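Written out below as structure tokens is the structure these notes cover.
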Amino acid sequence: MERRNRSSQKSCPFCGKSIIGDCYRGELICSSCGFVVEDHNEYQGPEWKAMDLEEKQRKVRVGAPRTLSLHDNGLTTVIGTGLKDSHGISLSPYMRMSIKKMKKWQKRIRTASSEERSLSAVLSKINEISNNLNLPKTVTETAAHTYRILAKKKVAKSRSIMGMAGASIYLACRKCRVSRSLKEVSRATNADKRTIAKYYRLVLKETEKEYVPPLSLGKYISKLVNTIKIDPKVERLAIHLMSEISNSKIFDGKAPAGIAASFVYISSMLSGAHVPQREIAEAAEVTEVTIRNRSREILNNFMIRQYLKVIPKDGDEILADRYHKSLNLG
DNA sequence: ATGGTTTTTACTGCGTC
DNA sequence: GACGCGGTAAAAACCAT
């Protein structure tokens with residue numbers, strides 16, 4: 001199978017240089033710093049396999065892949081502008097006129113009804129927002145799919161377009177286990193966070209029969225570690241600590257971003273990387289106070305020993321051990 | 001609307017480089 | 001003195017009812 005690298009117009013969020021997309025592996029990787037911009041993309045090349053050139057030529061039969069994110073699924077008919085017919089014979093002036101008319105009407109019909117037109121507008125908004133958020137194609141498609149359902153059920157009627165688009169995208173992120181916060185989505189849509197949250201609940205009710213689980217803490221940690229440049233061992237350590245503790249009740253009702261931030265902070269301390277609270281707080285979009293509070297709770301309730309087993313303290317020990325002692329590895 | 005919980009804001013004091 | 005850190009009180013945001 002042929003292996004193709006397609007370069008795209010996007011630039012790396014880290015170094016600003018161009019990004020090479022490797023569609024074979026389904027990843028978008030920055031060519032200079034190696035940052036993985038997107039992963040787990042669908043392979044967007046042909047979905048067939050050709051053993052030789054002849055077979056390949058025979059099998060090339062389609063244009064762009066079918067997509068839910070265009071209002072007609074990308075399956076529109078385009079009438080060509082050539083002056084010859086399929087046999088290569090020149091068309092008569094009469095036929096040319098007729099084709100010109102057909103072209104005109106085809107264009108009109110394509111987005112004929114008002115529903116079609118508004119669907120088309122919203123779907124293009126969804127595409128735009130997805131681009132802004134660097135979302136994998138699967139998420140965009142999922143969002144488009146839910147929006148179609150909403151449009152069909154007329155739920156989206158007389159509601160903010162950006163709000164509905166944002167809610168669809170946010171839901172798609174959750175379903176596809178892609179970590180994008182409500183904050184990020186609302187930034188990308190220029191819509192109020194509360195509006196999107198409200199619509200999200202509505203969308204959930206209208207389109208989802210099954211429970212959509214919240215993102216795992218591990219996802220939050222990975223994302224956080226990705227946004228700040230940090231030693232991978234910090235991530236491993238953070239995830240290790242998290243997996244030992246995460247079923248603890250001390251996190252009940254606490255915002256996951258803050259919990260993840262504090263695991264990353266503690267891990268960066270333990271591993272000697274020493275990432276300042278401010279930096280982690282900024283990347284996680286929580287405050288330093290929250291990181292401190294979560295860290296205190298973790299270190300007050302658990303002893304982190306040298307071999308990195310985490311054990312619960314009993315009541316008397318809880319107050320005795322302070323932060324720094326814990327950081328000195330028990 | 002309300003009340004309980006969590007997070008943020010703003011500020012203070014301490015130790016270190 | 002700038003910086004990172006830990007702490008607190010009060011305001012703001014959030015959430016279920």
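Just so it is clear: chains get the letters A, B, ... in the order the sequence lines come, proteins before strands, and each one is counted from 1. Keep in mind it's a predicted model, so treat the numbers as computed, not measured.
- Residues A:Y147 and A:I169 form no side-chain contact, since every pair of their non-hydrogen atoms from C-beta on lies 4.5 Å or further apart.
- Nucleotide C:dG6 holds its P atom 13 Å from the CD1 atom of A:I298, rounded to whole Å.
- Put simply, A:Y265 has a side-chain N or O that comes within less than 4.0 Å of OP1 or OP2 on C:dG6.
- For A:Q277, the listed nucleotide lying nearest its side chain is C:dG6; candidates were C:dG6, B:dT8, C:dG4.
- Of the inter-residue distances, the one linking A:K233 atom NZ with A:L270 atom CG reads 11.0 Å to the nearest 0.5 angstrom.
- One finds the SG atom of A:C173 at 6.5 Å from the CG atom of A:L133 (value rounded to the nearest 0.5 Å).
- Residues A:Y170 and A:L202 are members of one and the same hydrophobic cluster, defined by side-chain heavy-atom contacts under 4.5 angstrom among Ile, Leu, Val, Met, Phe, Trp and Tyr.
- As rounded to whole Å, 8 Å separates atom P of C:dG7 from atom CG of A:N300.
- One distance of note links OH of A:Y200 with CZ of A:R174; it measures 3.5 Å at 0.5 Å rounding.
- Near DNA chain B, meaning a heavy atom under 4.0 Å away, there are no residues from residues 206-214 of chain A.
- The CD1 atom of A:I291 sits 13 Å away from the C1' atom of C:dG6 (whole-angstrom rounding).
- With salt bridges taken as basic N to acidic carboxylate O contacts below 4.0 Å, none links A:R187 and A:E184.
- Nucleic acid contact for A:E279: none, since no nucleic acid atom lies under 4.0 Å from a heavy atom of the residue.
- Taken to the nearest 0.5 Å, the OG atom of A:S120 stands 10.5 Å off from the NZ atom of A:K125.
- A:V139 and A:M164 fall within the same hydrophobic cluster, where Ile, Leu, Val, Met, Phe, Trp and Tyr residues are linked whenever their side-chain heavy atoms come under 4.5 Å apart, directly or through other members.
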Distances for protein N/O vs nucleotides 8-16 of chain C N/O pairs under 3.5 angstrom?
| residue | atom | partner | partner atom | Å |
| --- | --- | --- | --- | --- |
| C:dC14 | OP1 | A:K193 | NZ | 3.1 |

Within the sub-3.5 Å range, which N or O atoms of nucleotides 3-6 of chain B have a protein N or O partner, and how far apart are they?
| residue | atom | partner | partner atom | Å |
| --- | --- | --- | --- | --- |
| B:dT6 | OP1 | A:K254 | NZ | 3.2 |

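- Residue A:S186 is tested with A:T195, A:I196, A:D192 for a side chain to side chain contact (heavy atoms under 4.5 Å, CB included); the sole match is A:I196.
- A side chain to side chain donor-acceptor pair (under 3.5 Å) with A:E235 is found for exactly one of A:S268, A:S271, A:S267, A:S222, namely A:S222.
- When the side chains of ILVMFWY residues are joined at heavy-atom separations under 4.5 Å, either directly or via intervening members, A:I126 and A:L182 end up in a single hydrophobic cluster.
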